[in-house]
Every structure is written in C-alpha cells, then in structure tokens.
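Here's the structure we're looking at; comments come further down.
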Amino acid sequence: MTGAHPLRSKRRRSALRTAAFLSPWLIGFTVFFVYPLLSTLYFSFTRYDGFRQPEFNGPDNWSYVFTDYPLFWPAMRNTLWLVLVMVTCRVAFGLGIGLLITKIKTATGVFRTLFYLPYLAPPVAATLAFVFLLNPGTGPVNTLLGAVGLPTPGWFTDADWSKPALTALALWGVGDLMVIFMAALLDVPKEQYEAAELDGAGAWARFRHITLPNISPIIMFAVVTGVIQAMQYYAQPLVAGKVAAGVIGGSGQQFEPGYPDKSTLTLPQLVYNLGFQRFDYGTACVVALVLFALSMAFTALLMRRRGGLIGAGE
C-alpha cells in the first residue's frame with residue numbers, strides 16, 4: 001500500500017506532461033473544429049439572419065431543406081455525381097499518366113513539367129479558359145469536332161454536358177496526382193518485377209499483382225483527398241455557370257447558381273447562397289451539416305474498404 005500513492009502520483013505527472021505537450025493541438029482542435037461544429041448544429045435549429053438574435057424553431061429548417069427547398073436535391077445529385085465520376089476519372093487518369101511517364105526513357109522532365117503546369121493555373125482562370133475553349137458557337141474544340149464530322153455538344157450551356165465538361169477541366173489539372181503516383185511507382189522494388197518476368201508474367205499480371213498492392217495506400221490517399229475536394233467543389237462550377245450564362249460579376253449583382261438548369265449546382269454553392277446572399281444562416285447550417293456528414297460517411301466507407309485494393313492484387 002505504501003507504494004500505491006507514489007505510483008498514482010507518477011501516473012498523474014505523466015498524464016499532465018502528455019496533456020501539456022498535446023495542449024496546442026487540443027486548443028486548435030477545440031477552437032477551429034469542435035466549437036464551429038457545435039455552433040453550426042445549434043444554429044441549424046434556429047431562425048437566424050446574422051443581425052438579430054437567433055430564435056429557436058426546432059426542426060423547421062431541416063424539414064424545409066429535405067422536403068420544400070427545390071435546390072437541395074439537385075445539388076445533392078450533382079455533388080454525388082462529381083464524387084463518384086470525377087474522382088474516379090482523376091485517380092485513373094493520374095495513375096495512367098504516372099505509369100506512362102515512368103516508362104519514358106527520354107525527356108522525362110519535359111513531359112513531367114508539361115503535365116504538371118496546368119495544375120498551377122488558378123482555378124478561376126482555368127475555368128474561364130475552358131468555358132471559352134468549349135464555347136458551342138465559337139470555341140475551337142467544337143470547331144475541330146465539326147470539321148471532322150463529329151457531334152458538337154453544348155458543354156457548359158447544356159445540362160447533359162456541363163458535368164462532363166467540369167470533369168474534363170479536372171482531368172486537365174491532374175498534375176498533382178501524377179506527381180504523387182510517379183513517386184509511388186518509382187518506389188516499387190524492381191526485384192519484384194524482374195522475378196515476375198522470369199516467371200512469365202505479362203504486363204497486366206505485373207500491374208495487378210505487384211504495382212497495385214505496392215501503391216494501394218497512395219491510391220487510397222488520392223481517393224480520400226479527392227472525395228474531400230469534390231465535396232468542397234465551389235469555384236469552378238460557379239464561374240462556369242456565370243460565364244456560360246453571360247453574367248458579368250459585379251458588386252450587389254444577384255445570380256442563382258446552377259446554370260444551366262441546376263446542372264452545375266453543388267452543396268457548397270447552396271451554403272454560400274443561403275448564408276451570405278440570402279442571410280438564412282439556419283438553413284445554410286443544415287446544408288453544411290449534411291455536407292459534413294456525407295464527407296465523413298464517404299471517408300469512413302473508404303477506410304473500411306481500403307483492404308480491397310490490396311486484396312484485388314493478390
């Protein structure tokens with residue numbers, strides 16, 4: 001019994017020392033994550049415009065968003081489409097470009113630079129350039145397609161083609177994933193490839209059983225970060241919709257996002273439109289919480305399924 005008290009004191013001092021080292025992270029986590037999350041949850045049950053005191057209105061905001069708000073479900077469908085299609089295409093395209101460049105024997109630095117440079121372009125400037133390139137009437141892309149007898153889509157002026165056009169824009173700036181995948185591919189042990197070749201394994205077998213298992217953590221990283229970026233997709237669809245609609249942004253000018261026909265509307269646009277243009281902070285907080293829940297659900301699902309990538313190559 002005499003040694004129990006000194007042992008408890010030692011454990012207490014160790015716990016306090018650990019808490020002291022963790023205190024900067026704990027303070028930042030509380031101030032920049034826990035407090036904003038709890039505040040958003042509180043305001044989602046209130047009627048609040050940012051000027052008057054918030055008034056508690058129960059689940060009215062939630063009921064309005066899910067049953068009466070006409071823009072919520074189109075934005076939800078567009079956001080999920082971007083997550084499933086755009087993220088998949090970016091990861092596959094980035095991996096393909098990385099594989100291609102690692103196989104090139106000459107001018108590797110030139111090709112790496114050419115593929116990476118588009119990623120450095122500011123999102124707004126890149127979107128403006130793509131809207132003009134894909135202009136259905138005067139853009140060079142449709143001019144070339146028409147010259148060879150191919151269909152000329154409406155791109156950002158057509159609700160059926162606006163999201164594929166945004167996906168093409170995302171693929172154009174895939175340089176970040178290319179660099180990450182190149183680093184992972186170059187780190188795969190060459191001895192494994194040599195052993196597989198001696199056993200008569202073809203290119204697909206080497207990729208499936210050697211390359212894929214070795215780079216599966218990097219693929220998972222690319223997918224998770226891509227999902228988070230797609231959930232925050234705001235500037236590109238908004239700018240594309242404005243320019244395609246012929247709206248010149250100015251102070252005090254109102255613009256309903258989602259042109260054409262709500263096809264470029266995303267959940268982050270709803271949060272901004274509701275909170276900072278319509279001053280309906282309660283409803284905006286509901287949409288923000290839905291966005292947060294979706295991000296957490298996708299991330300948790302991907303982390304649970306991460307072993308599938310390794311298992312596919314075994």
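Treat the numbers as computed from the prediction; the structure is a model and nothing was measured. Atoms considered below: every heavy atom in the structure, side chains included; atoms not considered: hydrogens, waters and symmetry mates. We're numbering straight along the sequence, starting at 1.
- Taking the side chain as every heavy atom from C-beta outward, F156 and V243 never approach each other to under 4.5 Å.
- Annotation: the span from T67 atom OG1 to W73 atom CH2 amounts to 10.0 Å, rounded to 0.5 Å.
- In this structure, the side chains of F207 and L95 come closer than 4.5 Å at one or more pairs of heavy atoms.
- Between P237 and the choices T264, L265, L169, the side chain to side chain contact (heavy atoms under 4.5 Å, CB included) rule is met once, by T264.
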Does V224 form a side-chain contact (heavy atoms from CB on, under 4.5 Å) with V227? I'd like the steps, not just the answer.
CA-CA 5 Å; V224 171; V227 168; 5.9 Å; no

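- Residues V87 and L82 fail the side-chain proximity criterion, which asks for heavy atoms closer than 4.5 Å.
- By the 4.5 Å heavy-atom criterion applied to side chains, R47 and P54 are not counted as neighbours.
- Judged as a ring-ring contact (aromatic ring centres under 6.0 Å, His included), and not counting sequence neighbours, the contacts of W161 are W155.
- Note that CG of N61 and OG of S63 are 9.5 Å apart. Values are rounded to the nearest 0.5 Å.
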Please report the C-alpha distance between L267 and L294 in whole Å, then the side-chain angles of each, then the deciding distance to 0.1 Å, and finally whether the side-chain contact (heavy atoms from CB on, under 4.5 Å) criterion is met.
CA-CA 11 Å; L267 291 177; L294 282 175; 4.0 Å; yes

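- With sequence neighbours excluded, no residue forms a ring-ring contact (aromatic ring centres under 6.0 Å, His included) with F93.
- I210 and W204 fall within a single hydrophobic cluster, where Ile, Leu, Val, Met, Phe, Trp and Tyr are joined by side-chain heavy atoms under 4.5 Å apart, directly or via other members.
- A donor atom on one side chain and an acceptor atom on the other are not found under 3.5 Å apart for S44 and Y281.
- A donor-acceptor contact under 3.5 angstrom links the side chains of T283 and D280, judged on distance only.
- Counting heavy atoms from C-beta on, the side chains of P268 and Y233 never come closer than 4.5 Å.
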Using a 3.5 Å cut-off and no angle test, enumerate the donor-acceptor pairs between side-chain atoms of residues 111-137 and protein atoms at least two apart in sequence or in another chain.
| unit_1 | atom_1 | unit_2 | atom_2 | d |
| --- | --- | --- | --- | --- |
| T113 | OG1 | G109 | O | 2.8 |
| T127 | OG1 | P123 | O | 2.7 |
| N135 | OD1 | G137 | N | 2.8 |
| N135 | OD1 | T138 | N | 3.0 |
| N135 | OD1 | T138 | OG1 | 3.4 |

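- P257 and Q269 get closest at one heavy-atom pair: CB-OE1, 2.9 Å.
- Scored by the ring-ring contact (aromatic ring centres under 6.0 Å, His included) test, F29 finds W25, F33 as partners (sequence neighbours excluded).
- Taking all atoms of both residues into account, the shortest heavy-atom contact from A184 to I218 is CB-CG1, 3.6 Å.
- Legend: residues meeting salt bridge (charged side-chain N to carboxylate O under 4.0 Å, His left out) with R206, ordered by chain and number and at least two apart, are absent.
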For the pair Y48 and F279, evaluate ring-ring contact (aromatic ring centres under 6.0 Å, His included) and give the outcome as yes or no after the intermediate values.
CA-CA 8 Å; Y48 182 47; F279 299 103; over 10 Å; no

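- A heavy-atom distance below 4.5 Å is found between the side chains of L270 and Y69.
- Across all non-hydrogen atoms, the minimal contact from P189 to N214 is CD-OD1, 3.9 Å.
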Under the side-chain hydrogen bond (donor to acceptor under 3.5 Å, both in side chains) rule, what do T157 and Y259 come out as? Steps first, then yes or no, please.
CA-CA 8 Å; T157 61; Y259 180 87; 5.7 Å; no

Could you please spell out the steps behind the side-chain contact (heavy atoms from CB on, under 4.5 Å) verdict for I101 and L185?
CA-CA 10 Å; I101 294 182; L185 291 167; over 6 Å; no

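- In this structure, the side chains of N142 and P153 come closer than 4.5 Å at one or more pairs of heavy atoms.
- Note: T40 OG1 to L291 CG = 11.5 Å, rounded to the nearest 0.5 Å.
- Using cut-offs of 30° and 60° on the angle between ring planes, the pair F45 and F56 is parallel.
- The closest donor-acceptor contact from the side chain of D199 to the backbone of A201 lies at 3.5 Å or more, if one exists at all.
- Nearest heavy-atom pair across T108 and I104 is OG1-O, 3.3 Å.
- Taken together through direct or relayed side-chain contacts under 4.5 Å among Ile, Leu, Val, Met, Phe, Trp and Tyr, L26 and F21 form parts of separate hydrophobic clusters.
- A donor-acceptor pair shorter than 3.5 Å can be found between the side chains of Q277 and N273.
- One distance of note links NZ of K163 with CE of M86; it measures 12.0 Å at 0.5 Å rounding.
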Please lay out, stage by stage, how I97 and L177 fare under the test side-chain contact (heavy atoms from CB on, under 4.5 Å).
CA-CA 9 Å; I97 296 298; L177 291 184; over 6 Å; no

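- For F221, the CZ atom counts as loosely surrounded, since its 6.0 Å shell holds 12 or fewer non-hydrogen atoms of other residues, nucleotides or ligands.
- Every residue two or more places apart in sequence or in another chain that forms a salt bridge (charged side-chain N to carboxylate O under 4.0 Å, His left out) with D176 is listed here: R90.
- A donor-acceptor pair under 3.5 Å links the side-chain atoms of T46 to the main chain of F43, judged by distance alone.
- In this structure, V31 is not a member of the same hydrophobic cluster as L41, with clusters built from ILVMFWY side-chain heavy atoms closer than 4.5 Å.
- Minimum interatomic distance between L212 and R208 (heavy atoms only, all atoms of both residues): CB-O, 3.7 Å.
- Here the OG-CG distance, from S263 to L166, works out to 8.0 Å after rounding to the nearest 0.5 Å.
- Counting heavy-atom neighbours within 6.0 Å of Y35 OH, excluding the residue itself, gives a total of 12 or less.
- Residues M231 and T79 are in side-chain contact: their nearest non-hydrogen atoms beyond the backbone lie under 4.5 Å apart.
- Distance check: Y272 OH to L238 CG gives 8.5 Å after rounding to the nearest 0.5 Å.
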